[in-house]
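Inspection log for the structure reproduced underneath, given as structure tokens.
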Amino acid sequence: MSLAAWSAGDAEVAVLGLGRSGVAAARLLRREGVAVYASDTGRGAGLDEAAASLRALGAAVDVGCHDLDRIAGAAGVIISPGVPPDAAAVVAARRAQVPVRAEADLGLEALGGLPYLAVTGTNGKSTVTALAAHLLTAAGLDAEAAGNIGVPLCDVALRPVRPAWLAIELSSFQLHDCPRVRPRVGVLTNLSPDHLDRYPDLATYYADKKLLFRNATPDAIWVLNQDDPASLELAAGAAGTVRRFSTRSRAEAWYDRGAGVLRLGDRALVPRPDLHLLGDHNVANALAAALAVAAATGASDDALADGLRSFRALTHRLEPVREVGGVLWINDSKATNIASTGVAVTALDRPYVLLLGGRHKGESYRGLRPGLDGCRAVVAYGEAAPLVARDLGDLVRVADGADLAGVVAMAADLARPGDAVLLSPACSSYDMFRNYEERGGEFRRLVEAM
């Protein structure tokens, strides 16, 4: 059922989760005159504050529980990306055949025909999304990054003045319940195992990623990673035009390694030193963003080059924090899976101490072995520490850190001048922190206090 139909009727819509996305969805529904029941099983001052703000708008709210009967009787359910698919409230809705939609889908409907680029993939999607928005702005367009990158689409829809363009990051969780996704240009950065703590198998995870193409039409444009066979296979058969990027061979956007230049076809964009991002994976991210913006808007090479030169690393993504005593401390808290951490360690050009741990997500840490030649030591911590020790103990030194302050102190003792200390956990943060941002922020605070 659509937002317009809900607005015209008197049925109630349930919103699951009172994080930023859920609150934005509830506010949007109330603005349109829709009766809302919002709930969250968590507790705390932040949730109480969110609940109070929604009650002031006329919504019914439960904190600490879900009313499953009320949800099963709703006209529709809006789900926040942090609510797992096997949560009792989601199961109750689906069992009662209540339509379930992602907050992002509700936002897309409310935003109408606003043009957007959509970015998904296992790794790099936040950087590509932010960089695409930056390049759109460099091309003279009023643009913003939104979606899974931090700004809910419903928040954008609530504004009296909206941007002319959006670059939208979409996670697999959002795509699962996002039937309206139809981007002007869609980007698939890469595919590798992830979220196996929430998906029964890899095929199910990839199937959600494939939903990016669910509304493909002949005029659609898809930007794909030529170096990633899994991505090419997933997109095979989708209607539209495919444009590829590569750091290994010639493509529509490619890295001319011999000349050290990023190119669109034969045309030079920027020399590699002008891109202030670590690692080949970020060269791929830059190529993907430039190709997508060029395809969507016809932006000039000069505008794209200016945007690439002026972009800086996102917080928590291979973010240099500071150098202390000749040791460079790097915050890569966003690396929550093996593939992402593997990319991070291969981006370093110096010996390093790796901080690894948190809540285990289902993959063996032995998958990191190919990139650990330069690793001086691993400091393992959190719930995953015993598994890290099991998988990597025979390859590198594994020191067990009890908390992040102890982990940082231990790394400082292990590192030598000329080394790096890399926080790239390959795990979720939920054993010790609310999210990867809080983990990275605490790491930065500890390093800056040295």
Side-chain angles (χ1 to χ4, degrees), residues 102 104-105 107-109 111-125 127-129 131-133 135-136 139 141 143 145-149 153 164-172 174-192 203 205-254 263-265 267 284-301 304:
D105 191 66
L108 286 176
E109 181 186 0
L111 288 166
L114 186 72
Y116 64 94
L117 311 177
V119 182
T120 196
T122 300
N123 296 308
K125 54 187 179 292
T127 297
V128 172
T129 302
L131 187 45
L135 294 178
L136 287 165
L141 299 168
N148 197 56
I149 199 169
L153 290 175
W165 273 88
L166 287 176
I168 300 175
E169 177 185 340
L170 292 171
S171 70
S172 58
Q174 291 168 313
L175 284 168
H176 184 83
D177 296 300
C178 200
R180 283 170 177 76
V181 64
R182 184 178 283 117
R184 186 73 57 88
V185 175
V187 182
L188 179 59
T189 59
N190 50 63
L191 291 170
S192 60
Y205 167 56
Y206 283 5
D208 274 358
K209 290 295 189 187
K210 190 171 184 176
L211 293 174
L212 176 69
F213 310 101
R214 69 198 307 167
N215 296 315
T217 58
D219 61 346
I221 298 174
W222 308 110
V223 172
L224 304 179
N225 187 343
Q226 182 167 284
D227 304 330
D228 185 43
S231 294
L232 300 178
E233 181 180 351
L234 195 77
T241 301
V242 169
R243 301 189 181 183
R244 303 185 184 192
F245 62 95
S246 174
T247 62
R248 301 175 188 169
S249 58
R250 187 182 180 88
E252 283 89 348
W254 61 294
R263 296 186 183 275
L264 285 181
R267 310 187 308 277
N285 291 337
L287 292 168
L291 185 56
V293 171
T297 68
S300 71
D301 291 354
L304 296 173

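Given the structure is predicted, the values throughout are model-derived calculations rather than measurements. Position 1 is the first residue of the sequence; numbering continues from there.
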Checking the side chain of Asp105 only, and the main-chain atoms of Arg180 only, is there a donor and an acceptor separated by less than 3.5 Å?
yes
If you take all heavy atoms of Ala289 and Ala132, which pair is closest and at what distance?
CB-N, 3.9 Å
Full working for side-chain contact (heavy atoms from CB on, under 4.5 Å) between Leu114 and Leu166:
CA-CA 8 Å; Leu114 186 72; Leu166 287 176; 3.5 Å; yes
Is there a side-chain contact between Leu188 and Val223, using heavy atoms and a 4.5 Å cut-off?
no
Output for pair (Tyr116 OH, Leu108 CG), nearest 0.5 Å, gives 4.5 Å
Applying the side chain to side chain contact (heavy atoms under 4.5 Å, CB included) criterion to Arg244, which one of Leu287, Asn225, Leu232, Asp227 satisfies it?
Leu232
Decide yes or no for Ser172 and Thr120: does some side-chain heavy atom of the first lie under 4.5 Å from some side-chain heavy atom of the second?
no
If you define the side chain from C-beta out and look only at heavy atoms, does anything of Asn123 sit under 4.5 Å from Thr189?
no
Between the side chain of Glu169 and the main-chain N/O of Ala145, is any donor-acceptor distance below 3.5 Å?
no
Distance, nearest 0.5 Å, that separates CZ of Arg267 from CG of Asp301:
4.0 Å
Smallest separation among heavy atoms of Ala133 and Ala167, with atom names
N-CB, 3.9 Å
Kindly indicate whether the side chain of Arg184, heavy atoms from C-beta on, has any atom under 4.5 Å from the side chain of Trp165.
yes
Checking the side chain of Trp254 only, and the main-chain atoms of Leu264 only, is there a donor and an acceptor separated by less than 3.5 Å?
no
Hey, does Leu117 have a side-chain heavy atom less than 4.5 Å from the side chain of Val293?
yes
Going by heavy atoms in the side chains, are Val181 and Leu211 under 4.5 Å from each other?
no
Gap separating the OG atom of Ser246 from the CG atom of Asp228, nearest 0.5 angstrom:
11.0 Å
Contact check, side chains of Leu170 and Asn148, non-hydrogen atoms, under 4.5 Å:
no
Donor-acceptor contact present, side-chain Arg182 to main-chain Thr217, <3.5 Å
no
Atom of Glu252, atom of Leu291 and distance for their closest heavy-atom approach
CB-CD1, 4.0 Å
Any idea which heavy atoms bring Ala238 and Trp222 closest together, and the distance?
CB-NE1, 4.3 Å
Note: Val187 and Ala288 closest approach over all heavy atoms is CG1-CB, 4.2 Å
Closest non-hydrogen atoms of Ala104 and Leu153, given as atom of the first, atom of the second and distance, are O-CD1, 3.5 Å
Rounding to 0.5 Å, atoms CG (Leu224) and CD (Gln226) come to a distance of 10.0 Å
Gap between atom OH of Tyr205 and atom OG1 of Thr122 - 0.5 Å precision:
3.0 Å
Distance col, row Lys125:NZ vs Asn190:CG, nearest 0.5 angstrom, shows 8.5 Å
In this structure, are over 12 heavy atoms from other groups packed under 6.0 Å from Arg248 atom CZ?
no
